[in-house]
Number of protein chains: 2
Amino acid sequence: MRERTRPPAHPGAILKRHYLKPLHLTVSDAASGLKVSRKTISKLVNERGSVTPDMALRLSRAFGTSPELWLNLQQSYDLWRVSHESRAWERARVFMEHSRLLASNSA
Amino acid sequence: MRERTRPPAHPGAILKRHYLKPLHLTVSDAASGLKVSRKTISKLVNERGSVTPDMALRLSRAFGTSPELWLNLQQSYDLWRVSHESRAWERARVFMEHSRLLASNSA
DNA sequence: TTTAAGTGTAACCTATGTAGTTACATCTGT
DNA sequence: ACAGATGTAACTACATAGGTTACACTTAAA
């Protein structure tokens, strides 16, 4: 089982590479189409903003995806960062061992 | 395809029913084991708090689950609420129609 | 070269949310 | 009566989302 050594892709990077670029949409285009401020999209594609549930709904509608797609990308990104930026959570007591049989995959 | 008319289970309800109760763990027990305040667990179990990435890591360690389990429960709950509490996101422009072929399931 | 469009970002604002501590009233079982 | 467990209020500190306005910069077209 391999461990990730680098953060998963930021949802903003996916948005930029796989949606905005192919459709020749500028940050300004996307912002006005999604009915949010330009700042919100700019921060997102520059990996300084997050996909909130509201944004996930807008993106899903705009690009014909599920909202879960965007939230899952954000979740993976956040989880990786938090698990690597602090180890306080490792001090939590183990109440219940997980079964190795049922847990060959970390997800 | 059926639409949910009620919110998905709150992660705190799952925690209470499927983890705390079966293990006879009190809110206080869980709080001290997870190394968080009693308030944090109390709020969560009473559906007035959220599972943050940090909490997901603690819960996953304590109960032998994946952190994603908890974050996915929270995500589903949040998404349902936001999509039902506001319809502003529906004003987002459709840039790209989704393919019915690829989107027979909403997720 | 001038002009306009697109961009990133700072400053400022408001609203919300997490999480901690302390304290209190309540309830339950012994 | 007492101790344990609980929900919650009041307070704090901190972080984040998102909006508006303004500025400097780049790029491409006229």
Side-chain angles (χ1 to χ4, degrees), chain A residues 10-13 15-17 19-59 62 67 70-71 73-75 77-83 85-89 91-92 95, chain B residues 10-13 15-17 19-59 62 67 70-71 73-75 77-83 85-89 91-92 95:
Chain A
H10 188 283
L15 173 62
K16 187 178 188 176
R17 182 180 317 124
Y19 293 88
L20 303 191
K21 290 239 160 140
L23 293 172
H24 303 294
L25 291 172
T26 66
V27 167
S28 301
D29 292 338
S32 63
L34 292 168
K35 305 284 189 302
V36 296
S37 73
R38 184 166 64 83
K39 178 196 173 189
T40 300
I41 301 302
S42 179
K43 284 192 68 177
L44 184 54
V45 302
N46 287 288
E47 311 195 8
R48 293 166 185 285
S50 299
V51 175
T52 59
D54 178 76
M55 265 303 300
L57 287 166
R58 291 174 197 265
L59 292 169
W70 302 101
L71 291 175
L73 288 170
Q74 186 66 53
Q75 180 186 101
Y77 184 83
D78 289 343
L79 188 57
W80 191 91
R81 293 207 59 191
V82 170
S83 67
E85 283 170 1
S86 161
R87 292 205 157 129
W89 60 274
R91 304 203 42 246
F95 286 119
Chain B
H10 188 284
L15 173 61
K16 186 178 187 175
R17 182 180 318 125
Y19 293 89
L20 303 192
K21 290 238 160 140
L23 292 172
H24 304 292
L25 290 173
T26 67
V27 168
S28 301
D29 291 338
S32 62
L34 292 168
K35 304 286 189 302
V36 297
S37 73
R38 183 165 65 83
K39 179 197 173 189
T40 299
I41 300 301
S42 179
K43 284 192 68 176
L44 182 54
V45 158
N46 287 287
E47 311 194 8
R48 292 166 184 285
S50 301
V51 174
T52 60
D54 178 77
M55 264 304 301
L57 288 165
R58 290 173 198 265
L59 292 169
W70 302 100
L71 291 175
L73 288 169
Q74 187 66 52
Q75 178 183 303
Y77 184 83
D78 290 343
L79 187 57
W80 191 91
R81 293 207 59 193
V82 170
S83 66
E85 283 171 1
S86 162
R87 291 202 157 133
W89 61 273
R91 306 204 41 247
F95 286 119

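No experiment lies behind these values; they were computed from the predicted model shown. So that the names make sense, note that chain A is the first sequence line, chain B the second, and so on, each numbered from 1.
Between the CG atom of B/N46 and the P atom of D/dA5 there is a distance of 17 Å, given to the nearest Å. Remark: P of C/dG6 and CG of A/L25 are 12 Å apart, rounded to the nearest angstrom. If you measure from atom NZ of A/K39 to atom P of D/dA17, you get 9 Å, rounded to the nearest angstrom. When the C1' atom of D/dG18 is taken as reference, atom CH2 of B/W89 falls 20 Å away, rounded to whole Å. What separates CG of A/L57 from P of D/dG18 is a distance of 12 Å, to the nearest Å. The CZ atom of A/R38 sits 16 Å away from the P atom of D/dC25 (whole-angstrom rounding). Rounding to whole angstrom units, CD of residue A/E47 and P of C/dG8 are separated by 12 Å. Rounded to whole Å, the distance from NZ on A/K16 to C1' on C/dG6 is 12 Å.
Nearest to the side chain of A/V27, among D/dT8, C/dG8, D/dA17, sits C/dG8. Listed nucleotides: D/dT6, D/dA17, C/dT7. Nearest to the side chain of B/S28: D/dT6.
The side chain of B/S42 contributes an N or O atom lying less than 4.0 Å from OP1 or OP2 of D/dG7. Contact check, B/T52 against C/dT18: no side-chain N or O comes under 4.0 Å of OP1 or OP2. Considering only side-chain N and O atoms, B/T26 lies under 4.0 angstrom from the phosphate OP1 or OP2 of D/dT6. OP1 or OP2 of C/dG20 has at least one side-chain nitrogen or oxygen of B/T40 nearer than 4.0 Å.
Under the 3.5 Å distance criterion, the side-chain polar atoms of A/S42 are left unmatched by any main-chain donor or acceptor of A/R38. Although no hydrogens or angles enter the test, the distance criterion places no donor-acceptor pair under 3.5 Å between the side chain of B/S86 and the main chain of B/V82.
Here A/D54 lies out of heavy-atom contact (under 4.0 Å) with every strand.
With rounding to the nearest 0.5 angstrom, the CD atom of B/Q74 is 7.5 Å from the CG atom of B/L44.
Between A/L71 and B/L79, the closest side-chain pair of non-hydrogen atoms falls below 4.5 Å.
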Candidate pair A/H10 and A/L15, rule side chain to side chain contact (heavy atoms under 4.5 Å, CB included), full reasoning: CA-CA 9 Å; A/H10 188 283; A/L15 173 62; over 6 Å; no

